[in-house]
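No hydrogens, no waters, no symmetry mates; every other heavy atom, side chains included, goes into these values.
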Amino acid sequence: MRPTALGTPAERAEGRQKITGTARYAADHAPEGGAHARAVPATVASGRVTAIDTGAARALPGVIDVLTPYNAPRLGPSDDPTLQVLQDTAVPHRGWYVALVIARSPEAARAAAAAVRVTYESAHHDVVLRADHPGLYTPETVNGGHPAHREQGDPEAALTAAPVRVDCSYEVPPLHNHPMEPHAATAVWDAGREHLTVYDSSQGAGLVRSALASLLRLPEERVTVVSEHVGGGFGCKGTPRPHVVLAAMAARHTGFAVTLALPRRQLPATVGHRAPTLHRVRLGARPDGTLTAFAHEVTTHTSRVREFVEQAAVPGRVMYAAADRLTTHRAVALDVPTPSWMRAPGEAPGMYALESAMDELADALGIDPIELRIRNEPAKEPDSGRPFSSRHLVECLREGAERFGWTHPRAARRDGPYLVGRGVAAATYPYLVTPSTARAHARPDGTCVVEVNATDIGTGARTVLTQVAADALGVPVRSVTVAIGHTGLPQATGAGGSAGTASWGWAVHDACTALLARTERHHGPLPAAGLSASADTAQSAGQKSPYARHAFGAHFAEVQVDTVTGEVRVRRMLGVFAAGRILSPVLARSQFVGGMAMGIGMALTENSTLDPVHGDFVESDLAAYHVPVHADVPDIEAHWIDEHDKHLNPMGSKGIGEIGIVGAAAAIGNAVSNATGRRLRTLPLTPDRVLAALG
């Protein structure tokens, strides 16, 4: 048997570039003599611009031009209204861009932006989500194309008849992605060739190219987008954002190469956020813990600009067996920025509510919470009735319990001023795959180059694709180079939905397999130009599967609660996952642990508030919006179960980028409840809320 590159540790393909500082990000492409731009956000929550005075700004040294709705170039069509910047005077929410300054330096642009004077006609605004809001409606679909409402049997009657019932409400606030690299773009317009080149911090260069071509009324072949290195995204860079449109517009308008890097304080209002969600979960069960009825109702907000509804009730369609079921979503359009994807959209907030409710049911029944989940393990996917391609949740729970030292009853204990408790929660995330293309090229010197327009947002995409290619070719990893992040490469899906490796890897595998077959048919030395082969997975990856395909996992947490200050600290966490074949153990562990750390933030520190008076997010920077730091992240372990699933892709892999956060907040919340004997149902579990619960 030949050695395999998959399943073995591998060094980061781009590691040396990053540690030596030679990896170039979007703003690093600013050429000498280029210009810099600064956007001016609206300071009212609803209304319209009535006048803009740019005189003082234009008089400052280094200012090239100021674009406003009155003089900005007219854009072409787009299916995303958030990209129609500076096209009219309407202000749909606070932070909407109303002007753009272009200057010879970042400092000059910032000073000029502060000097722009905007006059508004304000209108009444509403930014507060309420469960009884009169504007609530049930959309046809929610994010991901899922039906907003699903009902099977008679859940209301079954809940009424159930011997044991829980009826609980939970709340998750707005959350923000905050990648380390803020959104930035450098745009270069070649007037002679009528060609636009853009370096963008994006999770999908192809999507940016299509959007810019339409907005600027250019053929796609006259637009090149490069996203070679991206410093994080977590979903907020999954679609084109206004910054790249403004940079491209300014470059074409002025003739200068223009760099626009958004200041962090502008991100919450500009690049999407996890929408707040209000949850009502009702569970009906027999005394032995068998679920007879299940209902999960979600209320959330969207914007008046574009509808986006978080699919937070959808995970309940996957998890537990119950004949009578209801999962539904209601939304209200408010004067808020448009929500968008944030790591594990739907699953992260939805599973927090569901797994908290399961813990409350376990307490009501006096049943171990792991045993309760095992007793309700479905034979098929509850909503669709399709068989699972693989499902090893029970194994994750049992192995996790053994590794964590789980015992029942979960007696809380005191450790000086601290109350100590333990919690568990399950996790799930769908297997997603999108058709992509790739090209492989064998050189006479024995090396191979693989090309695919994938994006590495820090997850290690280059590295794992190098391993996939080396495995398919039967060559050492060091002989393979992977080129990604450029629209001149074979088209591929963006990075998101934990679908990157499955989608890109399938195309790379097929291209390399075809290349191997071609080289084996070739006799003698390779020609000077080498040999090439390409692949398109439109037929294979685009087929609808008869199986329900999901990754699963189990989270365990031990916390200490300070009875004096109310502060909650996580002492240790464990995650055990079943996510197909693990292709690169080092990268996988990094992704699992990163997701779990993000779950700590969701549970304990991350919180955003919409000010009802000014209509703005109050916590708009990292001084006020508290993400976990090293001191907050304790002993975290991630393990996995080897899963052999032949119904996925040639590598047998499932996505792992998001399942690490799913269930993590619930496990921590359940541990806090175990420690204190009190149930807190609103995230995050801040000291003031904990002290109030302790009385």
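Side-chain N/O atoms of Arg317 and Thr327 include a donor and acceptor closer than 3.5 Å. Side chains of Tyr429 and Glu347: a donor-acceptor N/O pair is absent below 3.5 angstrom, by distance only. Side-chain atoms of His392 and Glu643 include a donor-acceptor pair closer than 3.5 Å. For the residue pair Trp341 / Asn143, a side-chain donor-acceptor distance below 3.5 Å is found, with atom types taken as modelled.
Ion pairing of Asp621 with Arg264 is absent here, as no side-chain N (NZ or NE/NH1/NH2) approaches a carboxylate O to less than 4.0 Å. The pair Asp383-Arg150 meets the salt-bridge criterion, with a side-chain N (NZ, NE, NH1 or NH2) lying under 4.0 Å from an Asp/Glu carboxylate O. Ion pairing of Arg569 with Asp632 is present here, as a side-chain N (NZ or NE/NH1/NH2) and a carboxylate O approach within less than 4.0 Å. The residues Arg373 and Glu371 are annotated as not salt-bridged, no charged nitrogen and carboxylate oxygen being separated by less than 4.0 angstrom.
Side-chain atoms of Thr609 and Asn607, non-hydrogen and from C-beta on, do get closer than 4.5 Å to each other. Counting heavy atoms from C-beta outward, Leu129 and Val332 have side chains that approach closer than 4.5 Å. Side-chain contact between Arg571 and Asp635 is absent, with no heavy atoms from C-beta onward closer than 4.5 Å. At least one side-chain heavy atom of His176 sits less than 4.5 Å from a side-chain heavy atom of Phe617. Looking at Arg274 and Ser608, their side chains never come closer than 4.5 Å, going by heavy atoms from C-beta outward.
Applying the side chain to side chain contact (heavy atoms under 4.5 Å, CB included) criterion to Ala667, with sequence neighbours excluded, gives Ala425, His555, Ala557. With sequence neighbours excluded, the residues satisfying salt bridge (charged side-chain N to carboxylate O under 4.0 Å, His left out) with Glu381 are Arg386. Partners of Arg403 under the salt bridge (charged side-chain N to carboxylate O under 4.0 Å, His left out) rule, at least two apart in sequence or in another chain, are Glu399.
More than 12 heavy atoms of other residues, nucleotides or ligands sit less than 6.0 Å from atom CD of Gln17. Annotation for Lys18: atom NZ counts as buried by contact number, over 12 foreign heavy atoms lying within 6.0 Å. Summarising the local packing, CZ of Arg16 is surrounded by 12 or fewer heavy atoms from other residues, nucleotides or ligands at distances under 6.0 Å.
When each of Lys654, His550, His644 is tested with Ser390 by the rule side-chain hydrogen bond (donor to acceptor under 3.5 Å, both in side chains), just one qualifies, namely Lys654. Among the candidates Glu360, Glu355, Arg679, the single residue satisfying the side-chain hydrogen bond (donor to acceptor under 3.5 Å, both in side chains) test with Asn670 is Arg679.
Rounding to the nearest 0.5 Å places CG of Leu683 at 8.0 Å from CG of Leu175.
Counting only distance, with no hydrogens or angles, the side chain of Lys237 and the backbone of Gly232 share a donor-acceptor pair below 3.5 Å. Here the side chain of Ser498 pairs no donor or acceptor atom with the backbone of Gly655 at under 3.5 angstrom.
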- Item | Full working for side chain to side chain contact (heavy atoms under 4.5 Å, CB included) between His178 and Phe234 | CA-CA 8 Å; His178 277 305; Phe234 311 112; over 6 Å; no
N/O donor to acceptor pairs below 3.5 angstrom from side-chain atoms of residues 577-599, sequence neighbours left out:
residue: Ser584; atom: OG; partner: Gln467; partner atom: OE1; Å: 3.0

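Every pair passing salt bridge (charged side-chain N to carboxylate O under 4.0 Å, His left out) that includes a residue from residues 416-432 is listed here, sequence neighbours excluded: Arg422-Glu558. Residue pairs satisfying the salt bridge (charged side-chain N to carboxylate O under 4.0 Å, His left out) criterion with at least one member in residues 288-300, sequence neighbours excluded, are listed as follows: Arg282-Glu297.
Ring geometry for Tyr352 versus Tyr170: interplanar angle over 60°, hence perpendicular rather than tilted (30 to 60°).
A cation-pi arrangement is present between Arg572 and Phe404 under the rule of less than 6.0 angstrom and at most 45 degrees off the ring axis.
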